[in-house]
Structure formats: C-alpha cells, structure tokens
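Worksheet for the structure shown next.
Every heavy atom of this structure was used, including side-chain atoms; hydrogens, water molecules and symmetry mates were not.
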Amino acid sequence: MFNKRVKIKDLLAAEPKNEEVIVMGWVRTFRNNQFIALNDGSTNNNLQVVVELGLFDEALLKRITTSASLKVTGEVVASLGKGQKLEVKARSIEILGDSDGEKYPLQPKKHSLEFLREKAHLRFRTNTFSAVFRVRHSLAFAVHKFYNDKGFVYLHTPIITASDAEGAGEMFKVTTLPFDNAPKNEDGSINFKEDFFGRATNLTVSGQLEGELAATALSEIYTFGPTFRAENSNTARHLAEFWMIEPEMAFYDLEDNMNLAEEFIKYLIRHAIENNKDDLEFLAQRLDEEEKQKPQAERSEMGLMEKLEFVINNNFERITYTEAIDILIASPAFKKKKFKYDVKWGIDMQSEHERYLVEKHFKKPVIVTGYPKEIKAFYMRQNDDGKTVAAMDILAPGIGEMVGGSQREERLEKLEERMREMHIPVEEMWWYLDTRRFGTVPHAGFGLGFERMVQFVTGMTNIRDVIAFPRTPKNAEF
RNA sequence: UCCUCCUUAGCUCAGUUGGUUAGAGCAUCUGACUGUUAAUCAGAGGGUCGUUGGUUCAAGUCCAACAGGGGGAGCCA
C-alpha cells in the first residue's frame with residue numbers, strides 16, 4: 001500500500017506534531033552519514049530525514065546514494081539543526097531502488113543546462129527542471145481556467161491537416177506510402193490518391209483556420225495543442241514541435257483582441273506568482289547568480305520576480321507600426337548606424353529593432369498594430385488606408401514575439417481578392433470561405449507560443465529548457 | 001541555412017612560442033569524523049585530448065574536412 005504516504009510539500013507546510021508518517025522520494029544528498037535530503041517532486045524543498053547512529057546496518061546506509069529511491073517511516077519532529085523547521089526521525093528505511101553512484105550521471109552540484117539537455121530523461125531530478133515543469137503545469141492549468149471562466153469552448157483542432165494554405169512555414173509530411181517505392185503519376189510526381197487519406201497531408205502549423213469555423217458558431221473558442229514546423233531553425237526560441245494557444249472570438253475587433261491578450265498574459269503570470277512562489281523564487285535566485293557572471297553592462301535591470309510584478313502592474317505599451325518605425329528612425333541607435341538592417345516604412349522589423357523598442361525604448365511589453373499588408377498573412381482585415389492590416393503582435397523583453405494576432409477579414413470579396421494576390425488557392429479553401437458566405441461576422445484572434453510564455457515566467461533563456469523533450473533539427477532523442 | 005566560438009577524467013575547467021610520464025576542483029571508491037545544509041578531513045582509482053586525414057624528427061597544441069554543442073542572425077510562435 002503506497003497511498004498512505006505523505007507528500008513532502010504537505011508535510012513541510014504543517015506543524016511538527018510528533019506523529020509517525022510514511023514518506024517516499026529520491027535522495028538528493030546524504031550528508032554526514034546522518035542526514036538524507038529527500039525530494040519527491042511535490043516541492044522544490046527537500047525533507048531532511050535524520051538517521052540516528054547505530055540504528056541501521058552499515059550495509060543499508062551504503063545504499064543511500066544520490067537518486068536512490070526510499071520509503072521512510074518515522075516521526076515528524078521539530079528540527080534541531082538550522083535550515084529547516086522540521087525533519088523526520090527515521091524508524092525504518094526501505095530502499096525501493098538502488099542508484100549506483102559510479103554510474104548515475106548527476107551529482108549534488110551545479111550542472112550546466114547544456115549538459116542536462118543531453119540528460120533530458122534525468123533532468124527532472126534537478127531543482128531547476130522540477131521547478132520549471134511545475135511552473136509549466138501551473139501555466140497550462142491557468143490557460144484552461146482563464147478561458148473556461150470566460151465561457152470559451154476548448155476546441156481540439158486536428159493534428160493532421162490537408163491544408164497548407166496558411167503558409168506559416170515548412171511542414172512535416174504525413175504519409176503511409178513507402179519511401180523507396182511510392183506510387184507515381186504519369187508525370188513522375190507522387191500519386192497521393194493512393195495514400196492513407198487519399199491526398200497529401202501534413203502535421204498542423206496552426207489551428208487557426210479551423211478555430212475560425214468554430215468561433216463563427218460558438219462565438220468564443222480556444223485551442224491549446226501541439227504545433228509543428230519543419231523549419232531548420234537553430235535558435236534558443238524555436239522548436240520543431242511546440243504548444244500554442246489560439247483563441248478565436250466572434251464579435252471582437254482588434255481592440256477587444258488586444259485587451260483579451262493583455263488580460264490573458266497578466267492572468268497567467270499572476271496565477272504563477274500565486275501558486276508557484278517557491279519555484280519562482282528558486283528560479284529567480286538561479287537567474288541572479290547567472291547574471292552575476294555577466295559583465296555589468298549586459299545584466300538585466302530587474303530580477304525575475306520584479307519583472308513579473310512590473311508586467312502585471314503596468315499597461316502594455318500600444319503603438320502602431322508606423323509609430324514604431326518613427327521611433328526607430330529617431331533613435332540614437334539608428335543615427336549611430338548601430339542597426340545591421342535598414343529601417344524604413346514597409347520593412348519587416350528585425351529582432352534588433354523589436355529588441356530596441358521593447359528592451360531599450362519602452363522597457364516593457366509592447367503591442368504593435370497596423371502592419372503593412374505585404375508582410376502579413378492573407379486573412380488579416382484590411383484597413384481603410386489600403387496599405388495596412390488590423391494585425392497585432394505582442395513583443396516581450398527577452399523573448400521577442402510572444403503573441404501574433406489580428407482582426408480577421410470578414411468581407412468575402414476583400415478576402416478573395418487578397419487570396420488571389422497572394423496566390424492562395426481560393427477553390428481549395430471553399431470551407432473557410434463559407435464562413436464569410438453564410439452569416440459572416442467581425443471576428444478576431446491570436447496565437448500565443450506556450451513555451452515562450454513559460455520562458456518569460458521562469459526566466460529560462462533557452463526554449464529547449466522549458467519543454468520536457470525538445471524537438472529541434474537533428475535532435476529527437478528521448 | 002549563414003556568421004562566430006567551443007569540444008582535454010563522470011562534471012566544470014587549466015594545459016606556455018609544438019618537446020619527456022597531460023593537471024586541478026568536484027564526483028566516485030577506501031578510511032576517519034558525527035547536528036550536517038553542495039558537510040568536512042586523509043588516501044586511491046579514473047584520460048586512445050570529438051572523429052578522420054595532413055604538416056613535422058616530434059601534435060592536446062598547427063592545417064583541413066566531418067560530427068556534436070554554445071552564442072548571434074534568418075524564418076517564426
């Protein structure tokens with residue numbers, strides 16, 4: 001019977017009442033042949049288990065090694081030592097699983113994140129990663145709570161799709177055809193009529209188009225699922241498989257959309273602060289130590305907790321694309337020719353430009369609206385000026401683009417015209433266009449990259465460290 | 001994919017203008033100690049120096065290619 005165990009989190013939160021308890025967990029360190037730091041993942045804090053002298057066999061004590069799993073029965077008492085309020089005086093210790101100290105790769109010391117990335121199957125057993133994944137869970141839960149409380153419907157959009165119309169990037173092909181002997185058409189191309197679905201299919205790059213179909217009946221929906229991009233991106237902020245949240249709302253204009261996105265981000269951060277205080281404080285401390293290694297000029301001005309508090313207590317800056325370009329052109333960085341890429345109206349802003357706006361000029365999240373239509377997707381609503389669309393991107397310090405969204409083009413003729421201009425196959429998209437043919441309504445939505453949100457909240461600088469098993473070019477181990 | 005840096009013990013790293021037997025801390029093992037907080041102290045074991053090829057009397061050190069990783073960029077969320 002295992003379920004009589006007390007979770008370490010609950011045990012540490014209570015007062016010591018000299019009761020006997022059962023605890024189970026993994027050994028973090030065994031100090032002085034007398035003190036076991038035991039962790040069961042329920043909290044970042046370890047339970048100190050005290051082994052009284054002479055009470056246990058030498059042979060048993062030798063087996064209490066880093067990462068061995070234990071079942072401990074003992075009395076909860078006030079701690080004699082400093083550093084913890086209470087501890088468990090062991091009456092019996094059962095080794096559930098040995099851990100050979102010679103072979104176990106992690107030690108009770110600081111490891112580099114790069115090293116741990118290569119040990120992704122064991123990195124959950126470190127303070128940093130257990131904290132990150134508890135925060136990640138908490139944020140995922142908060143996503144559902146936020147939308148549920150607002151009456152949104154959680155929509156499961158397909159993972160496998162035939163549509164590649166959005167043009168959001170290279171796609172992974174899904175097929176059951178044999179690689180070496182695929183059926184061919186007369187012109188030598190592959191005959192997908194013989195494939196599993198009778199047509200070429202891919203892994204989804206976005207659930208938005210399907211989301212719009214549901215939103216134009218259920219009013220407010222959101223999706224939260226995996227998304228796949230076969231781009232050869234080797235950066236600290238890209239994954240080939242990542243999770244995205246895409247709300248889609250009927251009867252919302254661009255401003256409603258911005259308000260929702262800002263409220264959503266602040267809600268997630270607040271939820272984490274309220275529910276993951278210990279983990280965030282640990283991560284903040286970790287980050288502080290990392291910052292100390294950097295030269296003074298590169299250090300961030302705010303600690304993690306400070307940054308999160310600042311974001312939830314201040315309004316996001318809202319500017320138009322045109323204003324953004326004006327700010328960049330007027331900036332000292334531009335005048336001193338510090339930018340590698342030129343700035344003028346019509347450009348797709350580069351990372352350096354976005355970072356200047358967010359990290360140097362405004363020093364807080366910025367919502368940029370009204371981008372030139374040439375650099376944005378076909379479905380975005382065209383503004384009256386004929387040049388811009390009702391797009392909005394939310395740029396966050398250290399992360400870049402966290403949210404990308406828009407009011408959607410609900411006018412059939414305008415939409416079809418734009419699709420033809422951008423060589424989107426209008427006929428294939430008949431199902432999407434039907435929403436504009438039958439009872440079309442103004443609507444809007446956005447996509448939020450979940451891992452980037454987790455990065456922002458945990459302060460982790462590499463996206464590969466906020467997803468359990470990262471999928472990146474040349475890496476699908478575990 | 002491009003630019004750039006890196007790859008030496010299980011981990012983090014040192015290794016001089018190319019020159020004998022490649023070092024340190026931590027970890028591991030053995031022993032000591034026993035209210036410790038990444039415990040401490042003493043001793044021991046542990047390396048085809050990323051791979052392949054080249055230059056040289058001699059390569060961890062110089063050159064090339066490849067592989068893996070970091071940082072930056074592009075694409076994007």
Side-chain angles (χ1 to χ4, degrees), chain A residues 28-37 45-54 58 61-62 65-67 77 79-84 87 89 99-119 126-127 166-170 205-208 226-246 261 293-294 298 339-341 348-355 375-377 393-396 399-405 446-456 461-467 472-475 477:
Chain A
R28 282 290 171 78
T29 65
F30 186 25
R31 286 184 294 266
N32 213 4
N33 229 10
Q34 198 180 0
F35 302 101
I36 303 167
N45 301 311
N46 299 327
L47 174 70
Q48 174 150 291
V49 175
V50 182
V51 179
E52 278 184 274
L53 281 171
E58 279 289 314
L61 297 184
K62 285 241 182 304
T65 54
T66 303
S67 228
V77 297
S79 178
L80 295 174
K82 286 168 192 151
Q84 58 281 318
E87 60 198 18
K89 234 157 85 181
S99 173
D100 185 341
E102 194 137 6
K103 293 185 183 134
Y104 183 68
L106 306 184
Q107 298 141 34
K109 69 164 210 173
K110 205 164 190 127
H111 287 288
S112 71
L113 296 174
E114 293 81 16
F115 170 72
L116 292 170
R117 223 169 277 152
E118 288 169 17
K119 303 274 180 291
T126 64
N127 286 331
E166 211 209 337
E170 292 295 310
V205 293
S206 164
Q208 181 199 318
T227 309
F228 307 88
R229 304 271 167 93
E231 296 286 353
N232 189 13
S233 295
N234 294 289
T235 78
R237 55 187 186 285
H238 288 89
L239 291 165
E241 178 182 289
F242 64 99
W243 288 67
M244 189 156 63
I245 297 138
E246 295 180 288
Q293 312 289 317
K294 293 185 189 165
E298 288 172 30
F339 291 133
K340 200 174 149 195
Y341 293 87
D348 201 353
M349 279 191 278
Q350 304 294 320
S351 293
E352 58 177 357
H353 306 138
E354 296 181 347
R355 291 183 65 163
I375 59 172
K376 288 291 181 185
D393 284 2
I394 302 184
L395 311 175
I399 305 290
E401 188 178 341
M402 186 185 272
V403 163
F446 61 85
L448 178 137
F450 185 59
E451 281 76 17
R452 291 187 180 175
M453 187 68 211
V454 181
Q455 274 189 277
F456 188 76
T461 52
N462 194 313
I463 201 166
R464 298 167 193 204
D465 296 329
V466 298
I467 189 166
T472 54
K474 303 279 190 292
N475 185 3
E477 185 103 26

Check: protein-nucleotides 50-52 of chain B nitrogen or oxygen pairs below 3.5 Å:
none

Under 4.0 angstrom, heavy atoms only, what part of the nucleic acid is [X] near: base, sugar-phosphate, or nothing?
{"X": "A:Y341", "answer": "sugar-phosphate"}
{"X": "A:E352", "answer": "nothing"}
{"X": "A:E451", "answer": "nothing"}
{"X": "A:E87", "answer": "base"}
{"X": "A:N234", "answer": "base"}
{"X": "A:L80", "answer": "base"}
{"X": "A:S112", "answer": "sugar-phosphate"}
{"X": "A:S79", "answer": "base"}
{"X": "A:F115", "answer": "sugar-phosphate"}
{"X": "A:L239", "answer": "base"}
{"X": "A:M402", "answer": "sugar-phosphate"}

Quiz question: going by heavy-atom distance under 3.5 Å, is there a donor-acceptor pair between the base of [N] and the side chain of [X]?
{"X": "A:E52", "N": "B:U34", "result": "no"}
{"X": "A:H238", "N": "B:C76", "result": "yes"}
{"X": "A:S233", "N": "B:C75", "result": "yes"}

Rounded distance in Å - [atom1] ([X]) to [atom2] ([N]):
{"X": "A:R237", "N": "B:C76", "atom1": "CZ", "atom2": "C1'", "answer": "9 Å"}
{"X": "A:H111", "N": "B:G70", "atom1": "NE2", "atom2": "C1'", "answer": "18 Å"}
{"X": "A:N462", "N": "B:G72", "atom1": "CG", "atom2": "P", "answer": "9 Å"}
{"X": "A:K119", "N": "B:A27", "atom1": "NZ", "atom2": "C1'", "answer": "14 Å"}
{"X": "A:L106", "N": "B:C26", "atom1": "CG", "atom2": "C1'", "answer": "14 Å"}
{"X": "A:L395", "N": "B:C76", "atom1": "CG", "atom2": "P", "answer": "14 Å"}
{"X": "A:N33", "N": "B:A32", "atom1": "CG", "atom2": "P", "answer": "10 Å"}
{"X": "A:L61", "N": "B:U34", "atom1": "CG", "atom2": "P", "answer": "15 Å"}

Using the [atom1] atom on both, measure [N] against [M] and round to a whole Å.
{"N": "B:G60", "M": "B:G50", "atom1": "C1'", "answer": "12 Å"}
{"N": "B:A27", "M": "B:G10", "atom1": "C1'", "answer": "7 Å"}
{"N": "B:A44", "M": "B:A58", "atom1": "P", "answer": "36 Å"}
{"N": "B:U1", "M": "B:U16", "atom1": "C1'", "answer": "39 Å"}
{"N": "B:C33", "M": "B:G71", "atom1": "P", "answer": "48 Å"}
{"N": "B:A65", "M": "B:U55", "atom1": "C1'", "answer": "15 Å"}
{"N": "B:U21", "M": "B:G68", "atom1": "P", "answer": "35 Å"}
{"N": "B:A42", "M": "B:U48", "atom1": "P", "answer": "29 Å"}

Closer than 4.0 Å, any side-chain N/O of [X] to the OP1 or OP2 of [N]?
{"X": "A:N32", "N": "B:A39", "result": "no"}
{"X": "A:R117", "N": "B:G70", "result": "yes"}
{"X": "A:R464", "N": "B:G70", "result": "yes"}
{"X": "A:S351", "N": "B:G74", "result": "yes"}
{"X": "A:T29", "N": "B:A38", "result": "no"}
{"X": "A:R31", "N": "B:A39", "result": "yes"}
{"X": "A:Q350", "N": "B:G74", "result": "yes"}

Compare all side-chain heavy atoms of A:Q48 with those of A:R31 and state whether any distance is below 4.5 angstrom. yes
Quick one: are A:F30 and A:V51 in side-chain contact, heavy atoms under 4.5 Å?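 Result yes, sub-4.5 Å side-chain heavy-atom pair found.
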A:E114 and A:N462: side chain to side chain contact (heavy atoms under 4.5 Å, CB included), yes or no, with the steps? CA-CA 10 Å; A:E114 293 81 16; A:N462 194 313; over 6 Å; no
Would you find a donor on one side and an acceptor on the other, under 3.5 Å apart, between the side chain of [X] and the backbone of [Y]?
{"X": "A:E246", "Y": "A:G447", "answer": "no"}
{"X": "A:Q455", "Y": "A:I399", "answer": "no"}
{"X": "A:T235", "Y": "A:R237", "answer": "yes"}
{"X": "A:R229", "Y": "A:V205", "answer": "yes"}
{"X": "A:E451", "Y": "A:W243", "answer": "yes"}
{"X": "A:E354", "Y": "A:L395", "answer": "no"}
{"X": "A:N32", "Y": "A:Q34", "answer": "no"}
{"X": "A:S99", "Y": "A:T66", "answer": "yes"}

Here's a test of your reading of the structure: between A:K376 and A:P473, which maps to the more 5' nucleotide of RNA chain B?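 Going by which nucleotide is closer to the 5' end, it is A:P473.
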If you assign each of A:N232 and A:K82 to its closest nucleotide in RNA chain B, which residue comes earlier from the 5' end?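 Closest to the 5' end, via its nearest nucleotide, is A:N232.
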Check ring pair (Phe, Tyr, Trp, His ring centres under 6.0 Å) between A:F339 and all other residues, then give those that pass, not counting sequence neighbours.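 Ring pair (Phe, Tyr, Trp, His ring centres under 6.0 Å) check on A:F339 returns A:H353, A:Y356.
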Just need the stems in RNA chain B: three or more back-to-back Watson-Crick or G-U pairs, each with both distances under 3.5 angstrom, sorted by first number.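 B:1-7 with B:67-73, B:10-13 with B:23-26, B:28-32 with B:40-44, B:50-54 with B:62-66 - these are the stems of 3 or more pairs that involve RNA chain B.
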Could you report the tightest heavy-atom contact between A:E401 and A:G404, atom names first, then the distance?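 For A:E401 versus A:G404, the nearest heavy atoms are OE2-CA, 3.6 Å.
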